[in-house]
Amino acid sequence: MQVVCEVFHKINFPALRQRKERKKYIIMIEWKNFDELASVKKLSALAGKVKLKEVMAGESGADRVKKYAVPMAEGLCYSYAPKEVDDDVLAALVELAKEAQLSDKFKALYNGEVINTGEKRMVLHHLTRGQLGEDVMADGVNKRSFYIEQQKRIADFANDVHAGKITNEKGEKFTTAVQIGIGGSDLGPRAMYLALENWAKKNNTFLMDAKFISNVDPDDASQVLAGTDVAHAIFILVSKSGTTLETLTNQSFVMDALKKAGLDPAKHMIAVTSETSPLAHSDDYLDAFYMDDYIGGRYSSTSTVGGAVLSLAFGPDVFARFLDGAAAEDKLATETDPLKNPDMLDALIGVYERNFLGYPATAVLPYSQAMSRFPAHLQQLDMESNGKSVNRFGEPVNYKTGPIIFGEPGTNGQHSFYQLLHQGTDIIPLQFIGFKKSQLENDVTIQGSTSQKKLDANVSAQIQAFATGKDDENRNKYFAGGRPSSIIIGDQLTPETLGALLAHYENKVMFQGFCWNVNSFDQEGVQLGKTLAKKVLAHETDGALKAYADIFGI
């Protein structure tokens, strides 16, 4: 499938008016609920206007593929031809973006405004990979300089490990890095590691094996440790607060295993944490590397949380290339024209599907085995960010917010849940990701085509099959079509393209949160269960909670 794209390389009221004064500009930001925006009425009138089965058939479909595509960073391209949009819908979405002040709010965010209203914090994950605007000062330091300093410390540490300057007790090199963390301390870094593992092996930058322990289920840590030479392993404990129950429990599990092997845990562990946490200045670790409260866990892959394990596994230069790709996509996200801003456009089309077409979920379908855990990371990124029923000021909203996110790599998903996607009663928008070349480029020709060509043929066919369906008198074999999708296409999955993909989805979630007027940067929904679990362990329960605890013998 040919997509024409120019390549790019490298205080508590919902309508509160806030005056944002800057050195060179003044922004008047108004935080309105989604249903207060005038453009919402126009979009409601347009809903259902575009019939995919008709517009994606024949030459009209080919014309759409050429027309509805926008370049991303690092040679990627966002193609949205199989979406239920036309020029009228896009024009209304542009109005929505302007009315919701998406660009102005992004500018306020990266210039250090307190965007995380729930926790009264700035949101600075973009600063971990580049300076988009003015200097941001907090805690008496320049935050960009702080993040660069921590990345340099990690780079120096990783280089010393690789050179054998930092070793185990016997003076032997470490060969394995094991990350201990949960949620954003696991899902993002694990997905990024798996995405680059084969690329690094092909390009001779695979320096250490990496493994991950996340679940408090003892079988998780036991299985990882059973397959690890602990004498030559360095463990990365990741907890911003230094108090995460699951992570500290797994730390104790690992420390016990090291002691049983006759090893000193302090000679095998580093910490990634905040400077104010109890882990920050402890003799229990070889060293500690810092993050801060302005980086949410699910947005932390480009911080020290991802930097430590990826720099140890692949080298600091590869991690730097990953950051460069994310920074390049962030730069595109500052474009004020939504039709030239792939991150904002993807977000707006997603809002249109959720709020005007009534679609409850989105499937993320990378046709790349290397991205096998990328959908799981996006599950947390999207659902933890925008799974909210109150606005950024704590007031209930009367409209739908974040969708359900799920996915698997192709072609595995085709033999799993695609049945429901094709013929189920719910229409679920699809987001495909595909590459023209594999990472290892180790392929064979069978029946006239390579494995990679077969993979790309499958994703091309699925896009068209979902859009246009198939008529058949046998209702079992009838496909209604009209199932919308988009695809991000690239040449190959590399550190740069992975960084750009990660930033694209982070920015998409941010823009959607701005549209819905929710706080995409706190996650109170994960706290209640943790609080009750502590009560169960402390035997401070009654009623049904005590009954369930009794069943488990707690």
Side-chain angles (χ1 to χ4, degrees), residues 34-35 40 43-57 61 64 68 79-86 89 93 346-367 374-376 378-384 386-389 397-434 458-487 508-509 512 515-516:
F34 181 70
D35 55 3
V40 166
L43 284 161
S44 294
L46 292 170
K49 173 177 179 281
V50 177
K51 306 300 181 185
L52 272 185
K53 190 164 185 174
E54 298 172 6
V55 300
M56 283 298 290
R64 281 180 67 90
Y68 291 133
S79 171
Y80 58 100
K83 289 291 192 180
E84 293 170 271
V85 298
D86 61 7
V89 174
L93 290 174
D346 193 4
L348 289 165
I349 293 173
V351 168
Y352 181 65
E353 291 174 329
R354 183 76 175 110
N355 295 100
F356 302 102
L357 301 179
Y359 301 149
T362 298
V364 180
L365 309 167
Y367 274 61
F374 197 69
L378 296 189
Q379 261 185 343
Q380 185 200 16
L381 173 66
D382 202 313
M383 295 170 73
E384 196 168 89
N386 291 339
K388 310 288 173 65
S389 57
V397 298
N398 297 314
Y399 45 84
K400 302 295 184 183
T401 59
I404 297 165
I405 304 293
F406 68 97
E408 278 288 325
T411 55
N412 296 30
Q414 292 178 202
H415 296 268
S416 175
F417 51 78
Y418 277 37
Q419 169 61 44
L420 184 147
L421 299 184
H422 274 293
Q423 294 182 308
T425 53
D426 281 309
I427 293 179
I428 297 174
L430 318 166
Q431 294 211 305
F432 294 100
I433 302 170
N458 268 278
V459 68
S460 300
Q462 290 294 335
I463 291 170
Q464 190 66 10
F466 280 116
T468 59
K470 182 176 77 77
D471 292 328
D472 199 300
E473 291 182 3
N474 182 340
R475 299 302 291 180
N476 258 351
K477 298 182 179 181
Y478 171 79
F479 294 78
R483 315 265 164 154
S485 68
S486 62
I487 183 168
K508 173 190 174 181
V509 167
Q512 288 186 330
C515 281
W516 290 317

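The model shown is predicted, which means the values in this text are computed figures rather than measured ones. Atom set for the values below is all heavy atoms of this structure, side chains included, hydrogens, waters and symmetry mates excluded.
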| query | Distance from Lys508 atom NZ to Asp346 atom CG, nearest 0.5 Å? | reply | 4.0 Å
| field | Check: Ile428 main-chain N/O paired with Asp426 side-chain donor or acceptor under 3.5 Å | value | no
| Any idea which heavy atoms bring Asn386 and Gln512 closest together, and the distance? | ND2-CB, 3.9 Å
Taking only distance into account, with no hydrogens and no angle test, what donor-acceptor pairs under 3.5 Å do side-chain atoms of residues 406-418 form with protein atoms, sequence neighbours excluded?
{"unit_1": "Gln414", "atom_1": "OE1", "unit_2": "Tyr367", "atom_2": "OH", "d": "2.6"}
{"unit_1": "Gln414", "atom_1": "NE2", "unit_2": "Asn458", "atom_2": "OD1", "d": "3.0"}
{"unit_1": "Tyr418", "atom_1": "OH", "unit_2": "Tyr367", "atom_2": "OH", "d": "3.0"}

| remark: For Ser485 and Phe432, the nearest pair of non-hydrogen atoms, with its separation, is CB-CE1, 3.7 Å
| remark: Here the gap from Trp516 atom CH2 to Lys400 atom NZ, rounded to the nearest 0.5 Å, amounts to 11.5 Å
| Side-chain donor or acceptor of Gln431 paired with backbone N/O of Val364 under 3.5 Å | no
| task | Measure from the side-chain N and O atoms of Thr468 to the backbone N and O of Met56, and report whether any donor-acceptor pair falls under 3.5 Å. | result | no
| note | Between the CD atom in Glu84 and the CG atom in Leu357, the distance rounded to the nearest 0.5 Å is 5.0 Å
| request: Can you measure from OH (Tyr399) to SG (Cys515) and round to the nearest 0.5 angstrom? | output: 10.0 Å
| task | Just jot down the side chain to side chain donor-acceptor pair (under 3.5 Å) partners of Lys53, sequence neighbours excluded, or say none. | result | Asp471
| request: Could you walk me through whether Met383 and Ile404 pass the side-chain contact (heavy atoms from CB on, under 4.5 Å) test, one step at a time? | output: CA-CA 7 Å; Met383 295 170 73; Ile404 297 165; 4.3 Å; yes
| field | Test log, rule side-chain contact (heavy atoms from CB on, under 4.5 Å), inputs Tyr478 and Lys470 | value | CA-CA 6 Å; Tyr478 171 79; Lys470 182 176 77 77; over 6 Å; no
| Phe34 and Phe356 aromatic ring geometry - parallel, tilted or perpendicular at 30°/60° bounds | tilted
| request: Over all heavy atoms of both residues, which pair between Lys83 and Ile349 is shortest? Give the atoms and the distance, please. | output: CD-CG2, 3.8 Å
| What distance separates Leu378 CG from Thr362 OG1, expressed to the nearest 0.5 Å? | 10.5 Å
| task | Kindly indicate whether the side chain of Ile427, heavy atoms from C-beta on, has any atom under 4.5 Å from the side chain of Pro484. | result | yes
| task | Can you see which heavy atom on Leu421 is nearest to which on Leu430, and at what distance? | result | CD1-CD2, 3.7 Å
| Could you walk me through whether Leu43 and Leu93 pass the side-chain contact (heavy atoms from CB on, under 4.5 Å) check? | CA-CA 8 Å; Leu43 284 161; Leu93 290 174; 3.8 Å; yes
| query | Which atom names give the shortest non-hydrogen contact between Pro403 and Ala361, and what distance separates them? | reply | CB-CA, 4.0 Å
| Out of curiosity, Asp86 CG to Leu46 CG, how far, rounded to the nearest 0.5 Å? | 7.5 Å
| note | Tightest non-hydrogen contact, residues Pro360 and Arg354, listed as CA-NH1, 3.5 Å
